[in-house]
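Just below is one structure, and these are the notes that go with it.
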2 protein chains.
Amino acid sequence: MMEYALMDVREVMLRPTTKDLAKAAGVSRATVDRVLNGREGVKKRTVDRVNDAIQELGFVRNIQAANLARSQRYRFVFALPRSGDLFLEEIVRHIDEANETFATDLVWCDVVHIDENDPHSISAFLATLDPNETTGVAIMAPESPQVRDAIFRLQERGVAALPFIADQSTMEEHWVGTDHHAAGATAATLIGRFCPAPEGSVLVISESMRSRDSLERRIGFDAEMNQHSPGLRPLPSLETYGDEERAERVIYNSVINNPDLVGVYVLSSEARVPLTILNENMNTDHLIKISHERTPFTEAALRNGSLDAVIAQDPGHLVRSAVRKLKAITDKRVATGSQERIRVEVLLRTNI
Amino acid sequence: MMEYALMDVREVMLRPTTKDLAKAAGVSRATVDRVLNGREGVKKRTVDRVNDAIQELGFVRNIQAANLARSQRYRFVFALPRSGDLFLEEIVRHIDEANETFATDLVWCDVVHIDENDPHSISAFLATLDPNETTGVAIMAPESPQVRDAIFRLQERGVAALPFIADQSTMEEHWVGTDHHAAGATAATLIGRFCPAPEGSVLVISESMRSRDSLERRIGFDAEMNQHSPGLRPLPSLETYGDEERAERVIYNSVINNPDLVGVYVLSSEARVPLTILNENMNTDHLIKISHERTPFTEAALRNGSLDAVIAQDPGHLVRSAVRKLKAITDKRVATGSQERIRVEVLLRTNI
DNA sequence: GTCATTTTGAGGCACGTGCATCAAAAATAT
DNA sequence: ATATTTTTGATGCACGTGCCTCAAAATGAC
């Protein structure tokens, strides 16, 4: 067949340079430079001529060379909540890994811990960032007017900003995270299909229902339950507020008061506390249990069967996607492609 | 709290250059160049001194600058089977997308179709590749001595080679794909848990069982079934050989002869033919059906409920990982990090 | 027309590395 | 010691772009 013989003998198509652009547009390299970098003092007619030439030649700026020329380095800050959360630990671990992955791209990331419940201090922190030493910030913080304004001012000063995992509704084009509604719905699908009996009530446990992602997961969960598992009855969300004693009390009460319990959905990213309570103090082997995020704890729980499924977002992917997006913003590119969509992953014992 | 005030005031740590290296090692830049690029005629003592300095300074070569200097470009070839397979079409689509994603890295990928069943022609094709115009090849072809040897000769000529999706057992360090055993086991887990009844037989359909991945999936599937769903009885694999008439005949017979059928597992990446046969000609709504790979067909089937789950590997991720690995081999780096592990994904209606 | 102003061109250095040449120094052989 | 060979240094250009300066040309105002 030898079909490969028909392959394009690709004459080594060199990419056009600014020199080629200048020649094609009939201007000097200095003018090309002025247009490319948006400098003042170029007549509209000339700008158009250059842009036409860009189109015609399919010119793409060689970013490596540009970065070299201006010794550009990227220094990104991840502003994360201070917390013992295992999921956050994973995130930090992957930021370290990203520092190796992106070393050749001259990217360096630092982690700074913020007080997620104090919008004022977050805003103050963002105000301290100097565009000369910080290229961009990935911010994981709940929405608030102060934070929103601080992000806005940050961008005006020329620092790229990107909501990270927790979303800021004002800038939905730019953010990194999963579709919480779909995640909740997927938890519902799994509980619905894993339950041997079509009837019973389902416990929903969360650290808090104040954040937008918790609410959206809950809405997705309920919608899916109602529509496809009408026999199952999701109970009102139990909130633990990160307090173990309180968690133990409310969970215990709820299990006692709902003898028809068939499943448990731990909605927040910290699954260890509620699951430990359920497994150690009560006989809940027969319950279908689903939680969020891959951590050493949830992995072990999947393996030993005390957890039936985990809905996860890949922390490494989240971090890398954030870095790529911040880099794209800095380079004034559009971060493109399916690569930046964070999947709602389903983890079972067999595909950890 | 102002914890951020404690943050490292990072004096803009510039990465050391070859100049710094030369000074630290007490040699000239020319000698540093000789050592870095493994040229002849440098005394062992001097080589050691330079390497010590590299360690000490933590020198990392600036690949962008290096590529610029030698106008390096990467041209990779994806050698894929010729076929109307929807999964392959997705792969090709993502190669196109990767050409945009990696444009700024001076990477270009071409697709070449090979005859997967003719090792001789594959070997002949690989022999035509000129290192001057082809930097590396991702090869999706079943194992065979001819192909193995051709890959070996290719590498000797200085062309990077990477088994793609289909694995070559001789080079397991370098390959891109999923753990087939885990994929099969995951299919078994899902069928086991989705089935309302704990008893019955399960149909396993494949285009062919000659390839290693099919065998491994089957082994993983059976092992998981035996251990965790002892009541379910997986039937011997039905092979369609890509022949629709044959497929219709064998599937029809199997459904008739096994009235206790509770589930179907379509093992190969082409799910359209068997699923269409099942859905159109027989009443199989009550069966749990699972297949592989995300394609427009499987997506639609998940949405309309005619398919219960899809075990998938992200085609975009596969392609990008292959590109990154080929690039790393070319740059003589080690492709590092969790990023290169291809996950066994579970797709349900709610997380497509 | 002259003058001021805006727009453009020409040229050069820098970024960090690869690669080449030629001379100087050091090591080794005779 | 001298001749030969091996090892090292000095230097310079190239890659594609950013950024700077100074002069030339074009344009507009009067």
Side-chain angles (χ1 to χ4, degrees), chain A residues 12-51 53-54 57-74 103-107 132 158 330-333, chain B residues 12-51 53-54 57-74 103-107 330-333:
Chain A
V12 189
M13 248 302 261
L14 295 182
R15 272 178 23 181
T17 70
T18 48
K19 235 180 216 163
D20 303 324
L21 250 191
K23 206 187 304 170
V27 299
S28 72
R29 217 177 66 75
T31 300
V32 167
D33 173 68
R34 291 178 182 115
V35 174
L36 278 181
N37 297 291
R39 298 184 218 288
E40 308 253 285
V42 186
K43 272 204 299 188
K44 172 116 183 20
R45 247 176 47 95
T46 317
V47 174
D48 291 342
R49 274 221 305 255
V50 174
N51 283 328
I54 291 178
L57 300 190
F59 171 84
V60 183
R61 187 197 306 243
N62 182 333
I63 300 185
Q64 345 278 345
N67 285 349
L68 181 61
R70 78 177 99 139
S71 352
Q72 162 87 58
R73 272 145 189 91
Y74 306 86
T104 61
D105 296 308
L106 305 175
V107 169
N132 291 320
T330 313
D331 295 345
K332 298 189 174 62
R333 282 181 294 126
Chain B
V12 189
M13 248 303 261
L14 295 183
R15 269 175 30 178
T17 70
T18 48
K19 234 180 217 163
D20 302 323
L21 248 191
K23 205 187 304 168
V27 300
S28 73
R29 218 178 65 76
T31 300
V32 167
D33 172 68
R34 290 178 181 115
V35 174
L36 279 181
N37 298 293
R39 299 183 218 288
E40 307 253 284
V42 186
K43 271 206 298 186
K44 172 118 182 18
R45 244 175 49 95
T46 316
V47 173
D48 290 342
R49 274 221 304 257
V50 174
N51 283 327
I54 291 179
L57 299 190
F59 171 84
V60 184
R61 189 198 303 245
N62 183 332
I63 301 186
Q64 346 279 345
N67 285 348
L68 181 61
R70 79 177 95 134
S71 353
Q72 161 88 58
R73 271 144 190 91
Y74 305 86
T104 62
D105 297 308
L106 305 174
V107 168
T330 313
D331 295 345
K332 298 190 174 63
R333 282 181 294 125

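- Each of B:Leu68 and B:Glu40 has a nearest nucleotide on DNA chain D; the 5'-most of these lies closest to B:Glu40.
- With sequence neighbours excluded, the residues satisfying side chain to side chain contact (heavy atoms under 4.5 Å, CB included) with B:Arg34 are B:Ala30, B:Thr31, B:Arg39, B:Val42.
- As a whole-Å value, the separation of A:Lys43 NZ from C:dT6 C1' is 9 Å.
- Between the CG atom of B:Asp33 and the P atom of C:dT21 there is a distance of 14 Å, given to the nearest Å.
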Ignoring hydrogens and angles, write down the donor-acceptor pairs under 3.5 Å from the side chains of residues 57-64 of chain B, residues two or more places apart or on other chains.
unit_1, atom_1, unit_2, atom_2, d
B:Arg61, NH1, B:Asn37, OD1, 3.1
B:Arg61, NH2, B:Leu36, O, 3.2
B:Asn62, OD1, B:Gln64, N, 3.1
B:Asn62, OD1, B:Ala65, N, 3.0
B:Gln64, NE2, A:Thr104, O, 2.0

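- Mapping B:Arg70 and B:Arg45 onto DNA chain D via the closest heavy atom, the residue that lands nearer the 5' end is B:Arg45.
- Among the atoms of the strands shown, none is found under 4.0 Å from any heavy atom of B:Asn67.
- Using a distance-only test at 3.5 Å, with no hydrogens or angles considered, a donor-acceptor pair links the side chain of A:Arg49 to the main chain of A:Ala25.
- What separates CG of B:Leu21 from P of C:dT17 is a distance of 8 Å, to the nearest Å.
- None of B:Asp33, B:Val32, B:Val35 except one satisfies the side-chain contact (heavy atoms from CB on, under 4.5 Å) rule with B:Thr18; the exception is B:Val32.
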side-chain contact (heavy atoms from CB on, under 4.5 Å) assessment of B:Val50 paired with B:Val47: CA-CA 5 Å; B:Val50 174; B:Val47 173; 6.0 Å; no

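- Mapping heavy-atom proximity under 4.0 Å, the span of DNA chain D touched by chain A runs 5' to 3' from D:dG16 to D:dT27.
- In this structure, A:Arg15 and B:Leu106 have side chains that are in contact, with non-hydrogen atoms separated by less than 4.5 Å.
- Here the C1' atom of nucleotide C:dT17 and the CG atom of B:Asp20 are 13 Å apart, to the nearest Å.
- Note on the helix from C:dG1-D:dC30 to C:dT30-D:dA1: angle between the axes of the first and last five pairs equals 30°, rounded to 10 degrees.
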What protein N or O atoms touch nucleotides 10-14 of chain C N or O atoms at under 3.5 angstrom, if any, and at what distances?
unit_1, atom_1, unit_2, atom_2, d
C:dG12, O6, A:Arg29, NH2, 3.4

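- Minimum heavy-atom separation, A:Ala53 to A:Ala24: CB-CB, 4.1 Å.
- Within residues 58-66 of chain B, the residues approached by DNA chain C to less than 4.0 Å at the level of any non-hydrogen atom are B:Phe59, B:Arg61, B:Asn62, B:Ala65, B:Ala66, in residue-number order.
- A salt bridge links A:Lys44 with A:Asp48: the distance from a Lys NZ or Arg NE/NH1/NH2 to an Asp or Glu carboxylate oxygen falls below 4.0 Å.
- Pairing each heavy atom of A:Asn67 with each of A:Tyr74, the nearest pair is ND2-OH, 3.0 Å.
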